[in-house]
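Remember, it's a predicted structure, so these values are computed and weren't measured experimentally.
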Amino acid sequence: MSRAVRAAKMSIPKDIYLCGGGPLAAALFDAGLIDEVIIKLNPVLIGAGKTLAPHLARKADLELLSTKAYRNGVVLLQYAVKH
């Protein structure tokens, strides 16, 4: 998967938006192919869940770029990945 994403990043002059589960995110983080992360925070607490990017090979340092709060309580967090 990371090979296909790397090829797409090199051939497409625009941003690529990928939405996938934790294993996809972890593979792309480990390959250094993620430049930005957008997290949608819903105002619901649950007792368990899946991690955002399980089994990362190394820590991913993020820099907060923006936040947007909606009236229904949802918050969007936009981060740049520090490479």
After noting the C-alpha distance and the side-chain angles of Ile39 and Tyr79, does the key distance pass the side chain to side chain contact (heavy atoms under 4.5 Å, CB included) rule? CA-CA 8 Å; Ile39 298 173; Tyr79 293 94; 4.1 Å; yes

[atom1] of [X] to [atom2] of [Y]: how many Å apart, nearest 0.5 Å?
| X | Y | atom1 | atom2 | value |
| --- | --- | --- | --- | --- |
| Leu64 | Leu77 | CG | CG | 6.5 Å |
| Glu36 | Tyr17 | CD | OH | 10.5 Å |
| Phe29 | Ile34 | CZ | CD1 | 4.0 Å |
| Lys68 | Lys40 | NZ | NZ | 12.5 Å |
| Leu65 | Gln78 | CG | CD | 5.0 Å |

For [X] against [Y], the heavy-atom pair lying closest together:
| X | Y | value |
| --- | --- | --- |
| Pro23 | Pro54 | N-CD, 4.1 Å |
| Ala26 | Ala53 | N-CB, 4.0 Å |
| Gly32 | Arg58 | N-NH2, 4.5 Å |

Does Asp61 have more than 12 heavy atoms from other residues, nucleotides or ligands lying within 6.0 Å of its CG?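 Yes, because the 6.0 Å sphere around CG of Asp61 holds more than 12 heavy atoms from other groups.
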
Indicate if Val74 and Val44 have the same hydrophobic cluster label, given that clusters are the connected sets of ILVMFWY residues with side-chain heavy-atom separations under 4.5 angstrom.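 In one cluster: no.
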
Does Leu62 belong to the same Ile/Leu/Val/Met/Phe/Trp/Tyr cluster as Leu41, with side-chain heavy atoms less than 4.5 Å apart forming each link?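 Same cluster: Leu62 reaches Leu41 through Ile, Leu, Val, Met, Phe, Trp or Tyr contacts under 4.5 Å.
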
With a 3.5 Å cut-off and no angle check, do the side chains of His55 and Asp30 form a donor-acceptor pair?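 Distance-only check fails for His55 and Asp30.
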
Side-chain touch Asp35/Val81, heavy atoms, less than 4.5 angstrom: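 In short, these two side chains do not touch, never coming nearer than 4.5 Å.
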
